[in-house]
Number of protein chains: 2
Amino acid sequence: MAERRTRADAVSNRVRIVEVARELLTTTSDLAMNAVAKAAGVGQGTLYRNFPTREALLTEVYRADVERLVASAPELLAEHDAVTALRMWLDNVADYAQVKRGVLAALEPASGHDLAGRAGPPGRRSGPVAGHAEPAVGHAEPAVGHADPTAGHTGPIGEAIDRLLAAGRDEGTLRADVDAGDVLLLLGFLSRPEAAGRARHVLDLILDGLRVR
Amino acid sequence: MAERRTRADAVSNRVRIVEVARELLTTTSDLAMNAVAKAAGVGQGTLYRNFPTREALLTEVYRADVERLVASAPELLAEHDAVTALRMWLDNVADYAQVKRGVLAALEPASGHDLAGRAGPPGRRSGPVAGHAEPAVGHAEPAVGHADPTAGHTGPIGEAIDRLLAAGRDEGTLRADVDAGDVLLLLGFLSRPEAAGRARHVLDLILDGLRVR
DNA sequence: ACCTGAACACCGTTCAAGT
DNA sequence: ACCTGAACACCGTTCAAGT
């Protein structure tokens with residue numbers, strides 16, 4: 001008797017939200033939550049129940065792309081040496097960042113709003129403030145303030161990178177003191193608009209720094 | 001008869017705004033304009049006349065630090081080879097980014113809001129939308145869409161970097177195909193909170209990529 | 001079980017009116 | 001000449017009330 005079927009309208013709402021969001025992102029890269037709700041023809045509450053954070057929504061929007069990207073890493077490793085595979089994979093990421101204008105940008109931490117208090121006397125103040133769902137690509141759990149031990153769960157993208165790095169380490173062609181977190185930090189430049197024409201070139205520099213001398 | 005003295009209250013307002021902003025930035029890294037005006041005890045209009053954009057305000061807040069940073073480049077070059085000088089200079093930048101939490105972050109493009117229209121029937125709609133003053137550090141004039149020719153006026157920081165790069169090029173120790181824009185893009189990682197413990201290490205990787213093999 | 005939309009607490013920015 | 005602050009057009013997020 002468990003596993004009750006979700007209502008049909010609920011399902012269609014969810015997919016419509018994602019579709020609309022994807023479409024809006026081709027134009028705006030900003031993605032105002034209110035705008036998504038309006039464009040999808042649902043109340044804000046519906047939007048928020050389905051996607052408690054903007055990250056959650058973006059994760060869903062780009063899920064297929066991220067999976068493709070992740071899946072390509074072992075495929076490239078099967079046919080090329082690690083350095084070449086890494087290079088090709090990074091080019092894929094760059095292309096992806098190019099096309100999906102603002103994906104990486106949209107997934108950025110969203111800054112402030114975590115000061116807990118605001119000291120507001122009037123109003124609601126009930127649930128937890130928000131709480132960062134896992135981002136689809138790059139930069140997981142900042143754990144603000146203290147450097148977290150166990151360092152790095154960086155999500156599926158991070159695992160793909162680690163696979164490429166490990167292969168290079170085994171070959172002796174990539175530095176052993178580099179992990180996915182380092183690479184993700186370096187890749188952050190792709191989210192900047194100034195990276196437009198230079199992505200390839202900067203990737204050259206990065207890759208050069210990752211190789212053993 | 002030109003050069004009329006500015007009113008005393010105007011002057012004190014301006015310096016108070018900057019002081020207050022600097023202080024707020026030690027706590028928040030967010031810097032809401034309204035909050036600055038309130039804390040400084042001035043109307044929003046006064047704030048905006050003095051600093052038409054958030055960048056303009058931040059530039060003023062960090063002017064002294066930026067100048068120090070820029071001035072240190074030739075000093076380092078006088079006493080060390082180019083690679084060492086660059087390395088030390090980058091360490092300085094990292095320290096700076098560490099202490100002034102959110103400087104680089106605060107100076108980021110601020111994303112969207114440039115779609116000109118919004119198609120709003122009611123309301124004002126008068127002056128130009130905004131217009132990006134020059135940032136104090138990193139990433140000048142995106143010129144969204146087209147890769148601008150003449151590539152790179154990257155401000156004083158960019159010039160300091162170019163000086164360091166040129167020295168290395170002359171020595172034959174730094175790659176000739178790298179410019180300040182590349183380095184600024186790579187340095188962007190410093191603005192991410194995840195860079196906290198790893199800044200030095202990632203700088204190692206970057207520097208390695210900049211050296212001739 | 002799911003939905004809507006008013007309501008709250010914020011933003012940035014402008015501009016009429018004051019001194 | 002400079003200032004204030006109300007006002008406008010947005011945000012994100014929550015929650016009472018509906019179906």
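Bear in mind that the values here come from a model prediction, so they are computed numbers and not experimental data. Values below: all heavy atoms of this structure, side chains included; hydrogens, waters and symmetry mates excluded. First the proteins, then the strands, lettered A, B, ... as listed; each starts at 1.
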Exercise. Determine which bases of DNA chain C form Watson-Crick or G-U wobble pairs with both distances under 3.5 Å, and write the result as a 5' to 3' dot-bracket string with | for other-strand partners.
Key: ||.|||||...|||||.||
Self-check item: salt bridge (Lys or Arg N to Asp or Glu O under 4.0 Å) partners of residues 181-191 of chain B, not counting sequence neighbours, each pair once
Solution: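 Matches after skipping sequence neighbours: A/Arg198-B/Asp182.
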What is the separation between atom [atom1] on [X] and atom [atom2] on [N], rounded to the nearest whole Å?
| X | N | atom1 | atom2 | value |
| --- | --- | --- | --- | --- |
| B/Asp9 | D/dT4 | CG | C1' | 12 Å |
| B/Asn34 | D/dC11 | CG | C1' | 13 Å |
| A/Arg7 | D/dT19 | CZ | C1' | 8 Å |
| A/Ile17 | C/dC2 | CD1 | P | 13 Å |
| B/Tyr48 | D/dA6 | OH | P | 17 Å |
| B/Lys38 | D/dA6 | NZ | C1' | 14 Å |
| B/Arg49 | D/dG5 | CZ | C1' | 13 Å |
| B/Gln44 | D/dG5 | CD | C1' | 6 Å |

For residues 31-47 of chain B, which side-chain N or O atoms pair as donor and acceptor with protein atoms under 3.5 Å away, sequence neighbours left out?
none

Exercise. Please state whether the phosphate of C/dG12, meaning OP1 or OP2, lies under 4.0 angstrom from any side-chain nitrogen or oxygen of B/Arg54.
Key: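 True: B/Arg54 side-chain N/O within range (under 4.0 Å) of C/dG12 OP1/OP2.
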Exercise. Could you tell me whether the phosphate oxygens of C/dC2, OP1 or OP2, come under 4.0 Å of any side-chain nitrogen or oxygen in A/Asn13?
Key: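 No, A/Asn13 has no side-chain N/O under 4.0 Å of OP1/OP2 on C/dC2.
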Measuring from the side chain of [X] (C-beta onward, heavy atoms only), which nucleotide among [options] has the closest atom?
| X | options | result |
| --- | --- | --- |
| A/Ala32 | C/dC11, D/dC2, D/dG12 | D/dG12 |
| A/Val42 | C/dT4, D/dA7, D/dC2 | C/dT4 |
| A/Asn50 | D/dC3, D/dC11, C/dC3 | C/dC3 |

Quiz item: For B/Met33 and B/Thr46, take the nucleotide of DNA chain C holding the closest heavy atom to each; which residue's nucleotide lies nearer the 5' end?
Solution: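 The residue whose closest nucleotide sits nearer the 5' end is B/Met33.
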Self-check item: With sequence neighbours excluded, residues passing salt bridge (charged side-chain N to carboxylate O under 4.0 Å, His left out) with B/Asp65
Solution: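 By the salt bridge (charged side-chain N to carboxylate O under 4.0 Å, His left out) rule, B/Asp65 matches B/Arg68, B/Lys100.
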Practice problem: For A/Arg175, enumerate each residue passing the salt bridge (charged side-chain N to carboxylate O under 4.0 Å, His left out) test, keeping only those at least two apart in sequence or located in another chain. | Solution: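 For A/Arg175 the salt bridge (charged side-chain N to carboxylate O under 4.0 Å, His left out) partners, ignoring immediate neighbours, are A/Asp177, B/Asp208.
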Quiz item: Taking NZ, NE, NH1 and NH2 as the nitrogens, is one of them in B/Arg87 or B/Asp91 under 4.0 Å from a carboxylate oxygen of the other?
Solution: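 Looking at B/Arg87 and B/Asp91, the cut-off is met.
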Quiz prompt | Inter-residue atom distance A/Leu210.CG - A/Leu86.CG, 0.5 Å rounding | solution =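 Rounded to the nearest 0.5 Å, the CG-CG separation comes out at 6.5 Å.
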Quiz item: Which pairs, with at least one residue in residues 9-23 of chain A and sequence neighbours excluded, count as a side-chain hydrogen bond (donor to acceptor under 3.5 Å, both in side chains)?
Solution: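 Qualifying pairs: A/Arg7-A/Asp9, A/Asn13-A/Arg16, A/Arg14-A/Asn50.
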